[in-house]
Amino acid sequence: MSVAGLKKQFYKASQLVSEKVGGAEGTKLDDDFKEMEKKVDVTSKAVTEVLARTIEYLQPNPASRAKLTMLNTVSKIRGQVKNPGYPQSEGLLGECMTRHGKELGGESNFGDALLDAGESMKRLAEVKDSLDIEVKQNFIDPLQNLCDKDLKEIQHHLKKLEGRRLDFDYKKKRQGKIPDEELRQAMEKFEESKEVAETSMHNLLETDIEQVSQLSALVDAQLDYHRQAVQILEELADKLKRRMREASSRPKREYKPKPRETYDLGELEQSNGGFPCTTAPKITASSSFRSSDKLARTPSRSMPPLDQPSCKALYDFEPENDGELGFREGDVITLTNQIDENWYEGMLNGQSGFFPLSYVEVLVPLPQ
């Protein structure tokens with residue numbers, strides 16, 4: 001930093017101390033400027049919190065929210081992204097219903113109904129994917145750009161204005177001890193910064209209709225999602241009601257037990273209920289040694305240590321997204337964290353990732 005720059009920093013610091021500690025009054029900005037600055041500050045807070053709440057609304061799962069923030073808007077506009085890249089809860093429910101519906105088979109009314117419901121849940125997940133992408137493109141990204149560009153630029157101008165005000169007030173207080181030209185330049189720079197800050201704030205507040213348009217896009221996306229969701233659920237409801245009517249019109253099959261088989265137990269001559277007693281084999285020292293040696297040679301199935309949080313897989317889980325942990329039925333997974341009520345984070349064979357709670361049985365819970 002140059003000598004002139006160091007002097008300017010010293011002037012501003014001295015003026016700030018005299019105002020904060022000594023009670024000195026600095027140059028006051030007009031009421032219109034202060035009112036404009038207050039509105040910009042409220043706008044900034046509103047945009048920041050609405051952004052956070054919108055992302056939370058789209059995906060309550062914190063792990064999935066992290067993936068949502070990493071979506072590439074450019075690739076979506078080019079049509080390269082067809083889904084958000086994380087599982088929707090409706091899709092997970094649909095997969096669960098479909099799997100069990102297939103296990104029950106076509107002869108089961110419940111199994112057929114589960115297949116119908118599972119297919120509808122998967123369609124709902126696709127509609128939810130479209131909602132997430134539409135909202136991020138047309139609402140989240142424009143507001144984020146407002147924060148990163150326009151509001152950030154205004155804050156820069158206001159900070160620069162405050163620095164030039166301090167410099168001007170310090171030199172004004174020392175009028176007569178410093179050259180008049182230096183004081184005039186400080187005043188001109190202060191007025192220039194004030195005008196730039198005013199212009200940027202005015203442009204933001206006068207074009208807030210853009211934010212109204214973005215909010216309208218959010219509502220349109222929600223309406224489209226709910227319309228499609230209602231249509232899917234109404235179709236599913238009709239299918240289930242039709243299945244109930246068909247099932248009630250069919251004659252019920254009566255249960256007919258099979259005839260019992262007769263067993264000839266013979267004469268009950270033995271003291272142990274009719275079964276002949278067998279003489280226990282004589283155990284010698286050598287046979288005992290051979291028997292214990294055979295037991296020692298038999299490999300025993302090692303159980304995992306249960307002194308740390310762990311769970312056992314009830315079903316196979318195939319990862320569909322980055323960050324998920326795949327496993328097979330019977331695998332024992334070390335628990336490291338609980339993301340929420342539906343997802344765990346754990347380690348298996350040196351690999352770490354997320355997996356659904358419904359696929360495992362907890363052996364040793366995580367500490368509270």
Please say whether more than 12 non-hydrogen atoms of neighbouring residues, nucleotides or ligands are located less than 6.0 Å from [atom1] in [X].
| X | atom1 | result |
| --- | --- | --- |
| Lys160 | NZ | no |
| Glu181 | CD | yes |
| Glu103 | CD | yes |
| Glu246 | CD | yes |
| Lys312 | NZ | no |

Polar side-chain atom of [X] near backbone of [Y] as donor-acceptor pair, under 3.5 Å:
| X | Y | value |
| --- | --- | --- |
| Asp169 | Thr27 | yes |
| Asn337 | Glu345 | no |
| Ser44 | Val40 | no |
| Ser108 | Leu104 | no |

(message) Could you list the cluster mates of Ile209? Members are the ILVMFWY residues connected by side-chain heavy atoms closer than 4.5 Å, either directly or through other members.
(response) Val212

(request) If you link ILVMFWY side chains whenever their heavy atoms are less than 4.5 Å apart, which other residues fall into the same cluster as Leu335? By chain and number, please. (result)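 So far as hydrophobic clustering goes, Leu335 is joined with Leu314, Tyr315, Phe317, Leu325, Phe327, Ile333, Tyr344, Leu348, Phe355, Leu357, Tyr359, Val360, Val362, Leu366.
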
Between atom [atom1] of [X] and atom [atom2] of [Y], what is the distance when rounded to the nearest 0.5 Å?
| X | Y | atom1 | atom2 | value |
| --- | --- | --- | --- | --- |
| Leu143 | Thr48 | CG | OG1 | 9.5 Å |
| Asn349 | Asp331 | CG | CG | 7.0 Å |
| Leu161 | His157 | CG | NE2 | 10.5 Å |
| Ile140 | Ile133 | CD1 | CD1 | 11.5 Å |
| Leu115 | Met97 | CG | CE | 11.0 Å |
| Lys171 | Ile178 | NZ | CD1 | 6.0 Å |

Between [Y] and [X], is there a side-chain heavy-atom distance shorter than 4.5 Å?
| X | Y | result |
| --- | --- | --- |
| Tyr225 | Lys128 | yes |
| Phe139 | Val50 | yes |
| Phe190 | Lys172 | no |
| Glu162 | Lys159 | no |
| Leu363 | Val332 | yes |
| Val364 | Gln308 | no |

(request) Walk me through it: do Glu119 and Thr98 pass the test side chain to side chain contact (heavy atoms under 4.5 Å, CB included)? (result) CA-CA 7 Å; Glu119 186 62 30; Thr98 302; 5.6 Å; no

If I compare all heavy atoms of [X] with all of [Y], which pair ends up nearest, and what's the gap?
| X | Y | result |
| --- | --- | --- |
| Pro309 | Pro367 | CG-CD, 3.9 Å |
| Ala247 | Asn109 | CB-ND2, 4.1 Å |
| Asp340 | Asn342 | OD1-N, 2.9 Å |
| Ser120 | Ile232 | O-CG2, 3.7 Å |
| Ala217 | Asn138 | CB-CB, 3.8 Å |
| Pro319 | Gly326 | CD-CA, 3.5 Å |

(message) Does anything in residues 209-224 form a side-chain hydrogen bond (donor to acceptor under 3.5 Å, both in side chains)? List the pairs, not counting sequence neighbours.
(response) Tyr57-Gln222, Asp224-Gln228

(message) By the side-chain hydrogen bond (donor to acceptor under 3.5 Å, both in side chains) test, which pairs, at least two apart or in different chains, include something from residues 193-206?
(response) Asp30-Lys194, Arg164-Ser193, Lys194-Glu198

Salt bridge [X]-[Y], side-chain N to carboxylate O under 4.0 Å:
| X | Y | answer |
| --- | --- | --- |
| Arg174 | Glu182 | no |
| Arg328 | Glu318 | yes |
| Arg243 | Asp116 | yes |
| Glu49 | Lys45 | no |
| Lys122 | Glu95 | no |

(message) Could you go through Arg242 and Asp238, starting from their C-alpha distance and side-chain angles, then the distance that decides it, and tell me whether this counts as salt bridge (charged side-chain N to carboxylate O under 4.0 Å, His left out)?
(response) CA-CA 6 Å; Arg242 187 166 57 250; Asp238 291 341; over 6 Å; no

Please determine, by modelled atom types, if [X] and [Y] share a side-chain donor-acceptor pair under 3.5 angstrom.
| X | Y | value |
| --- | --- | --- |
| Lys136 | Thr54 | no |
| Gln137 | Asp141 | no |
| Asp132 | Gln88 | yes |

(request) Kindly write out the residues that satisfy salt bridge (Lys or Arg N to Asp or Glu O under 4.0 Å) with Glu341, not counting sequence neighbours, or none if the list is empty. (result) none

Result block: side-chain N/O donor-acceptor pairs under 3.5 angstrom for residues 148-156, not counting sequence neighbours:
residue	atom	partner	partner atom	Å
Asp148	OD1	Gln144	NE2	3.2
Asp148	OD2	Gln144	NE2	3.4

